[in-house]
Protein chains: 2
Amino acid sequence: MTPRRSDALSRERIVEATIQILDSEGESALTVRAVTARLSTGRGAIYHHVTNKDDLLAAAADGVIGPVLAGTAGDDDPRRAIRALTLGIFEAIDGHPWVGAQLNRDPMQIAVLDIWKNLGGRLHALGLSGKALTDAGAALVNYVLGAAAQHAAGARRAADDAARQDYLDRLAHEWAQQDADPLVQESASLLRDHDDRAQFLAGVDIFLAGIASDSAGIASDSAGIASDSAGIASKSAGIGSKSAGIGSKSG
Amino acid sequence: MTPRRSDALSRERIVEATIQILDSEGESALTVRAVTARLSTGRGAIYHHVTNKDDLLAAAADGVIGPVLAGTAGDDDPRRAIRALTLGIFEAIDGHPWVGAQLNRDPMQIAVLDIWKNLGGRLHALGLSGKALTDAGAALVNYVLGAAAQHAAGARRAADDAARQDYLDRLAHEWAQQDADPLVQESASLLRDHDDRAQFLAGVDIFLAGIASDSAGIASDSAGIASDSAGIASKSAGIGSKSAGIGSKSG
DNA sequence: ACCTGAACACCGTTCAAGT
DNA sequence: ACCTGAACACCGTTCAAGT
């Protein structure tokens, strides 16, 4: 904010311009030509600060996700923190649909790593460890990223919501066709009118219920054990925060 | 197989050539020039049978997923069928990593719709209906597609497995760094040496446990109710089968 | 109706040349 | 060291012209 002269190109300024383009014009509008035009510089200049377009997209995604993760540091209840964390990611993707696609492109990118670390910390605070922890962490991360991608793709496809209704109609219709059972018919119509946000949270709760249940491999009462390890959760949430600057050209 | 002259171009032959290119040379090698070269035809010829590259990719993904769904029609036990169905999808994506990315690109494509219909049918056979059914269906589809994308991206990234180990090392190390707790250390090391396939199935079981639990919103014993509605499952599995030819140019 | 292939309007990335 | 912008090696898609 302080230096607003055309001082110098920097990774931060490039990422900032990238996010602006993606938010306002969509993923297809992101070209290095568009970035250099917005920064009024030469085509090859950005390659001094960024390895390539993939690096640029990963940095932009982290620029959106990083602050979301940092914002959930305060909560001490693991379940509530997990709901807040996952909902925060969902809403970030709702507001920046291109992030949904980007997070599913590379499990090695910083933003995905940060999500893993934060959710992993919360699950540990819930009493999980060992294989149960990695299995639960992977399941939750995969669910969140999958839901993010599907929701984002739906949002991208239907800026005016018409095509989206069209899609849900079609899915509901085809689904209903395969069975005359009134229960199936009812479900199909629910599919048409559901709220993505509520449905996303319902999915998070299904996973939390599955993790708490015995068949998923955890001892007994998971909520009670969490008391002394709850401290790591708030610590872990802060780690992913200012990561927008990390991982510059090493890819 | 029978007509192997250069008889005529058709949507099927084009999709077949597309799958071959994607399997043997990867997603970056799929250009319409590569497709027309393999079919020794003119550049614009394929646009008589296919709307655009997106349509081509969706058809190719359905060409892989369709037979997988059709192959699980026999099972009468919903839980076992869900495990077989999801594992089949996972293994198809393991063998064709480009499918993992493609399924996450558009929730409206046939392959995703077919997955929804099949899993939805099985969940209904499990005794779910109404909001519980759509919530569970969305959660399971999102988990499967998310896991698929992450696994596929990992597989694509590391043909030789070296970069993959590198990634897991890095994640484990960063994760372990945030806490000295031996349980976290242990989990981090497990992260390094886990089996993607087993972890995927563990996630499916977490989900199934979550559905069975009361807190996810289902009545009581879900397995017992399924007896009379189990019939629709085998029917539903057949619907997605020969869909490679459907949805030609309407997009 | 189906096919051809040149043409169009773009891409990401590189690199000699400048400051 | 950082930046420029022309050049390179590509893309997906269209469309007049052929059969």
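Only heavy atoms go into these numbers, but all of them, side chains included; no hydrogens, no water, no symmetry mates. Letters A, B, ... mirror the listed sequences (proteins, then strands); counts begin at 1.
Atom-to-atom, CD1 of B:Ile14 to C1' of C:dC2 comes out at 12 Å; the value is rounded to the nearest Å.
Once rounded to the nearest 0.5 Å, the distance linking CZ of A:Phe200 with CD of A:Glu91 reads 9.5 Å. If you take CD1 on B:Ile115 and CG on B:Leu103, they are separated by 5.0 Å, rounding to the nearest 0.5 Å. Going from atom CG of A:Leu113 over to atom CG of A:Asn118 covers 10.5 Å, rounded to the nearest 0.5 Å. Note: B:Phe207 CZ to B:Leu140 CG = 4.0 Å, rounded to the nearest 0.5 Å.
Contact check, A:His49 against D:dC2: no side-chain N or O comes under 4.0 Å of OP1 or OP2.
Between B:Gln199 and B:Tyr143, the closest heavy-atom pair is O-OH, 3.8 Å. The nearest pair of heavy atoms linking B:Gly42 to B:Thr36 is O-CG2, 3.2 Å.
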- [ ] Treat a base pair as Watson-Crick or G-U wobble with both distances under 3.5 Å, then lay out DNA chain D in dot-bracket form, 5' to 3', with | for cross-strand pairs.
- [x] ||.|||||...|||||.||
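Checked by atom type and distance alone, the side chain of B:Asn104 pairs as donor or acceptor with a backbone atom of B:Leu145 at under 3.5 Å.
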Open item on the list: Does the protein touch nucleotides 8-19 of chain D at the base, only the backbone, or not at all? Give it as B, S and - per nucleotide, heavy atoms under 4.0 Å.
Closed with: ---BBBBB----
- [ ] Could you walk me through whether B:Ile14 and B:His48 pass the side-chain contact (heavy atoms from CB on, under 4.5 Å) test, one step at a time?
- [x] CA-CA 11 Å; B:Ile14 291 169; B:His48 284 273; over 6 Å; no
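Going from the C1' atom of D:dA9 to that of C:dA9 covers 16 Å, rounded to whole Å.
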